[in-house]
Amino acid sequence: MIDISNSYLQRLIGWRREFHQYPEPGWLEFNTTSSIADLLQEWGYELYVGKELNVSERMGLPSEAMIERFYDAAKNAGANEKWLSKMEGGYTGVLAVLETGKPGPTVCFRVDIDALPIFESTEADHVPNNLAFRSQNDGFMHACGHDSHIAMGLGLAEQIMQHRDLFSGTIKIIFQPAEEGVRGAASIVQSPLFDNIDYFFALHIGTGVEAGKFIAGSAGFLASSKFDAIITGVAAHAGGVPEEGRNALLAAAQATVALHSLPPHSKGSHRINVGTLHAGLGRNVIPSTAQMELEVRGETTEVNAFYENAVKQIFAGIETMYGVRVALKKVGEAMSVPSSKALSAILADVANDLHIPYEEYSDFNSGSEDATFFMDRIQKNGGLATYSIIGTDLAAGHHHEKFDIREEDMLPAIKIWLNTLLKL
């Protein structure tokens, strides 16, 4: 076994708090990617950055103005021009590769790096605020633990290099952009860089699992499809000639009711949510435009596909019913893919050897994850893939303005990953 001193935790905490202060949302992680790449290059990894990773259309891409704003902010903060030049236009993320020069398997670890559009709490009892590492980018926050994921990924990368003579084969670590909204993996998963992966690992901190406990594999996250809908009608005077209008707000409201009225499915549970609806200009104007953000989720990919098709049918009907036009765009997608039990068993054995409390396999399926795109591809190509969870005490739930973790729970995850790599 490879032993990591408990004192190494302080290095992880330093990274975690640094990234916590400078959160960047999906496709805008310019400074985050640059900082990660600088360290990986220093340690000797071969790197692929930004445009070198993306091979498919990116879903849920921010506006050009937002891309320019975050790009300029990273540049002004001193981000490395070498990496920035590969990220122009919102191409973020970095893949680290180590060829050991010895025959062996190809192993890939996935780490997500993006933040959320949440204004972080300024209350005194919020630890990041109290200890002066609260977000410096107001309106954005690492409220799901991806800052700790970055720290764990960097810790793994550094430890691998410190013990590289013990390893064989090829080791890859993908610091993936745009997990929130399940947007990022689909754009890079078909890259030849992810061909012939024998073992794939992804991990999340928290999710309701008790502190210190390790879940080696999960049965599968919910499949999901995210949509933006723009409804275009015709404006008219609400009192003078209302019959000349085509009410986009009313059409959007009808669509909302119809979506939330869809029946259950016999083959699994589902979730539907219209999260935003914006329409209208004034009380005396028939609304000519409406914008909606919505999502569907299914216990399986099959169930999710049923509701995705229902979404399309509902909006087609709304067009006919209200005489409006609907532009429906998919902006995020995730699959439901169970972990490979054979690989979960290996992780569980390592956790047992390290005396870390564990559960070999869990039926956890309340959220959605785009790491499932990697898992699906690798499993279909004959490899093994698993999604693990490391428990922690949470100050508040995921995606909450007071979200925070128990930082000491980062270290066991690295110990398990590192020694699993050694075992493989």
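The figures here come from the full heavy-atom set of this structure, side chains too, leaving out hydrogens, waters and symmetry mates.
- No side-chain heavy atom of W417 sits less than 4.5 Å from a side-chain heavy atom of T420.
- A cation-pi contact, defined as under 6.0 Å to the ring centre and within 45° of the axis, is absent between K213 and Y358.
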| task | Report the C-alpha separation of N304 and S225 in whole Å, then their side-chain angles, then the decisive distance to 0.1 Å, and conclude whether the side chain to side chain contact (heavy atoms under 4.5 Å, CB included) test is met. | result | CA-CA 7 Å; N304 186 71; S225 299; 3.0 Å; yes
| said: Determine whether E24 and T32 satisfy the following criterion, side-chain hydrogen bond (donor to acceptor under 3.5 Å, both in side chains), listing intermediate values before the conclusion. | reply: CA-CA 7 Å; E24 296 168 302; T32 301; 2.6 Å; yes
| Is there a side-chain hydrogen bond (donor to acceptor under 3.5 Å, both in side chains) between T232 and R325 once you walk through the steps? | CA-CA 5 Å; T232 304; R325 290 181 287 110; 4.6 Å; no
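- Aromatic pair F374/F201: ring centres not closer than 6.0 Å.
- Using a cutoff of 4.0 Å between basic side-chain nitrogens and carboxylate oxygens, K75 and D72 are not scored as salt-bridged.
- Rounded to the nearest 0.5 Å, atoms CG (L384) and CG (L343) are 5.5 Å apart.
- Because its NZ or CZ atom is not both nearer than 6.0 Å to the ring centre of F30 and within 45° of the ring axis, R69 does not count as a cation-pi partner of that residue.
- When side chains are defined from C-beta on, L28 does not count as touching Y71, because their heavy atoms never get closer than 4.5 Å.
- Figure legend: R110 and F200 shown without cation-pi pairing, the cationic atom not lying both under 6.0 angstrom from the six-membered ring centre and within 45 degrees of its axis.
- Within a 6.0 Å radius of CG in N309, more than 12 heavy atoms belonging to other residues, nucleotides or ligands are found.
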N/O donor to acceptor pairs below 3.5 angstrom from side-chain atoms of residues 346-357, sequence neighbours left out:
none

Distance-only donor-acceptor hits, side chain of residues 257-265, under 3.5 Å, sequence neighbours excluded:
| unit_1 | atom_1 | unit_2 | atom_2 | d |
| --- | --- | --- | --- | --- |
| H260 | NE2 | V274 | N | 3.2 |
| S261 | OG | V257 | O | 2.6 |
| H265 | ND1 | K267 | N | 3.0 |

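- D147 pairs with exactly one of H20, R17, H142 by the side-chain hydrogen bond (donor to acceptor under 3.5 Å, both in side chains) rule, that one being H20.
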